[in-house]
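I have placed the structure first, in the form of structure tokens, so that the comments after it can refer back to it.
The figures here come from the full heavy-atom set of this structure, side chains too, leaving out hydrogens, waters and symmetry mates. The structure presented is a predicted model; accordingly, all values stated were derived computationally and were not measured. All chains are named by letter (A, B, ...) in the order of the sequence lines, taking the proteins before the strands, and each is independently numbered beginning at 1.
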Number of protein chains: 2
Amino acid sequence: MSAAKKKGKRARRRSAPGKKIAIAASREAAQRAVSEGELSGLIGYALRRAQLRVFDDFYAALSVEGITPARFSTLAIIDGNPGISQTSLAQTLDIARSGVVMLIDTLEQLDLVSREPIEADKRSYALHLTRGGKTALQRIRRQVAIHEARVCARLDEKEKKWLLKMLARVGAAR
Amino acid sequence: MSAAKKKGKRARRRSAPGKKIAIAASREAAQRAVSEGELSGLIGYALRRAQLRVFDDFYAALSVEGITPARFSTLAIIDGNPGISQTSLAQTLDIARSGVVMLIDTLEQLDLVSREPIEADKRSYALHLTRGGKTALQRIRRQVAIHEARVCARLDEKEKKWLLKMLARVGAAR
DNA sequence: TATTGTTATACTCTATAACTATA
DNA sequence: TATAGTTATAGAGTATAACAATA
């Protein structure tokens with residue numbers, strides 16, 4: 001409970017001590033060998049496991065900064081599309097507009113993003129990275145790259161490229 | 001709001017009408033082309049998108065039965081490991097024991113799973129599929145197979161196998 | 001009338017911690 | 001003391017619906 005940053009923290013998921021289980025289970029598999037059976041052949045199950053592992057690593061690496069996967073995605077999209085509206089951002093992230101409000105509220109409080117009024121349409125804002133947001137994003141990117149290398153440690157370049165391609169096919173709009 | 005089954009339902013996520021957006025966006029991409037930039041090269045982002053899409057399809061196909069991905073996984077694991085304890089199930093699913101309690105509560109209410117007392121250890125239960133649970137699981141499996149074929153429509157057999165292999169590597173315990 | 005951002009509200013999932021009853 | 005299951009509680013994430021301001 002550090003006083004400074006009460007918001008946007010949270011360690012999330014999975015207690016650290018639980019990790020030995022898998023090792024122990026594989027070492028003396030005969031003892032209790034819980035079979036996952038058909039599940040290991042299902043895309044959804046494999047995706048969930050992989051995603052939990054990757055997100056856990058992301059949180060471990062970046063929650064100190066108050067950065068979550070969604071917040072990083074938001075920063076990256078604003079950086080690549082300066083002046084984007086909240087509604088457009090919601091469509092890109094595929095979340096509800098109300099979700100974007102909270103996301104931007106948080107990033108604004110962290111002084112990483114600003115809502116700038118638009119003359120052409122007084123209903124909406126143009127989202128921009130602040131100066132601090134830009135430098136923070138550079139720093140965050142380096143950490144994300146390290147995280148990425150860590151979770152892809154068991155894949156070579158070709159395999160990773162291929163995996164991304166297959167995931168894009170599965171994740172493509174129907 | 002059908003009176004019969006008030007629990008365990010919920011359509012979840014993403015409004016149906018929203019689906020046209022992606023089509024329109026690709027058709028007239030030039031108009032607003034929001035760039036995802038670096039994000040599309042990140043495993044975590046690709047995993048999230050794929051998982052959302054796959055889970056949405058799962059819900060659409062199976063929530064009528066009151067079956068969610070987690071509940072299906074639970075049924076499958078109990079089927080493959082009859083008599084398993086709740087703690088062991090929690091370890092296998094990689095969730096907290098308290099989460100298993102609710103999961104089993106629900107499946108018990110659906111008359112799919114039973115907690116059976118163990119003589120050797122009066123603290124724990126042996127989990128089993130009920131008779132109805134077994135027949136339901138057969139039916140559910142057929143729907144899951146159809147769902148699986150649908151979300152893997154853009155992959156051939158070899159590609160799917162490969163994808164599962166790569167996902168297992170990424171999702172493997174560190 | 002339709003859209004943007006917003007607020008209010010609710011529900012799911014999952015976690016931690018404390019409790020009980022055994023072991 | 002340690003473990004199995006349970007309960008209570010809390011927080012993150014996301015959804016829907018209704019509203020004000022603006023188009």
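- Phosphate proximity of C/dT6 to A/Gln86: present, with a side-chain N or O under 4.0 Å from OP1 or OP2.
- Spacing between atom CD of B/Glu116 and atom C1' of D/dG5 amounts to 17 Å, rounded to whole angstrom units.
- Contacts of A/Asp111 classified as salt bridge (charged side-chain N to carboxylate O under 4.0 Å, His left out), with partners at least two apart in sequence or in another chain: none.
- OP1 or OP2 of D/dG13 lies within a sub-4.0 Å distance of a side-chain N or O belonging to A/Tyr59.
- With sequence neighbours left out, the side chain to side chain donor-acceptor pair (under 3.5 Å) criterion links B/Gln143 to no other residue.
- Remark: B/Arg154 pairs with no residue by the salt bridge (charged side-chain N to carboxylate O under 4.0 Å, His left out) rule, at least two apart or across chains.
- With sequence neighbours excluded, no residue forms a salt bridge (charged side-chain N to carboxylate O under 4.0 Å, His left out) with B/Arg97.
- Listed by chain and residue number, B/Arg115 satisfy the side chain to side chain contact (heavy atoms under 4.5 Å, CB included) test with B/Glu108 (two or more places apart in sequence, or in another chain).
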Under 3.5 Å, which N/O atoms of the protein pair with N/O atoms of nucleotides 8-10 of chain D?
none

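- Within the 4.5 Å cutoff, the side chain of A/Leu129 has no heavy atoms near those of the A/Leu112 side chain.
- Atom P of nucleotide C/dA15 and atom CD of B/Gln91 are separated by 13 Å, given to the nearest angstrom.
- With sequence neighbours left out, the side chain to side chain contact (heavy atoms under 4.5 Å, CB included) criterion links B/Glu116 to B/Ser114, B/His128.
- No side-chain heavy atom of B/Ile104 sits less than 4.5 Å from a side-chain heavy atom of B/Tyr125.
- Atom CG in A/Asp94 sits about 14 Å away from atom C1' in D/dG13, given to the nearest Å.
- For the ring-ring contact (aromatic ring centres under 6.0 Å, His included) condition, the pairs that include at least one residue of residues 134-157 of chain B, sequence neighbours left out, are B/Phe58-B/His147.
- Residues B/Leu167 and A/Arg49 are not in side-chain contact: their nearest non-hydrogen atoms beyond the backbone lie 4.5 Å or more apart.
- One axis for each end of the helix from C/dT1-D/dA23 to C/dA23-D/dT1, each built from five base pairs, and the angle between them comes to 10° at 10° resolution.
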What one-letter contact string describes nucleotides 18-23 of chain D from 5' to 3', where B marks a base within less than 4.0 Å of any protein heavy atom, S marks contact via sugar-phosphate atoms alone, and - marks no contact? ---BBS
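- The side chain to side chain contact (heavy atoms under 4.5 Å, CB included) search around B/Ser98 returns B/Ala96, not counting sequence neighbours.
- Closest approach to the A/Ala96 side chain among C/dT7, D/dT16, C/dA15 is made by D/dT16 (side chain taken as heavy atoms from C-beta onward).
- Distance from the side chain of A/Thr68 is smallest for D/dG13 among the nucleotides D/dG13, C/dC13, D/dA15.
- Here D/dG13 presents its P atom at 15 Å from CD of B/Gln51, a figure rounded to the nearest Å.
- Scanning for side chain to side chain contact (heavy atoms under 4.5 Å, CB included) contacts around A/Arg131 gives an empty result, with sequence neighbours left out.
- For the pair A/Arg71 CZ and D/dT14 P, the interatomic distance rounds to 11 Å; values are reported in whole Å.
- Put simply, CZ on A/Arg48 is 14 Å from C1' on C/dT12, counting in whole angstrom units.
- Residue B/Asp105 is the one, among B/Asp105 and A/Pro69, whose nearest nucleotide of DNA chain D lies closer to the 5' end (criterion: closest heavy atom).
- Separating the CZ atom of A/Phe58 from the P atom of D/dA12 is a distance of 16 Å, rounded to the nearest angstrom.
- The CZ atom of B/Phe55 sits 15 Å away from the C1' atom of D/dT14 (whole-angstrom rounding).
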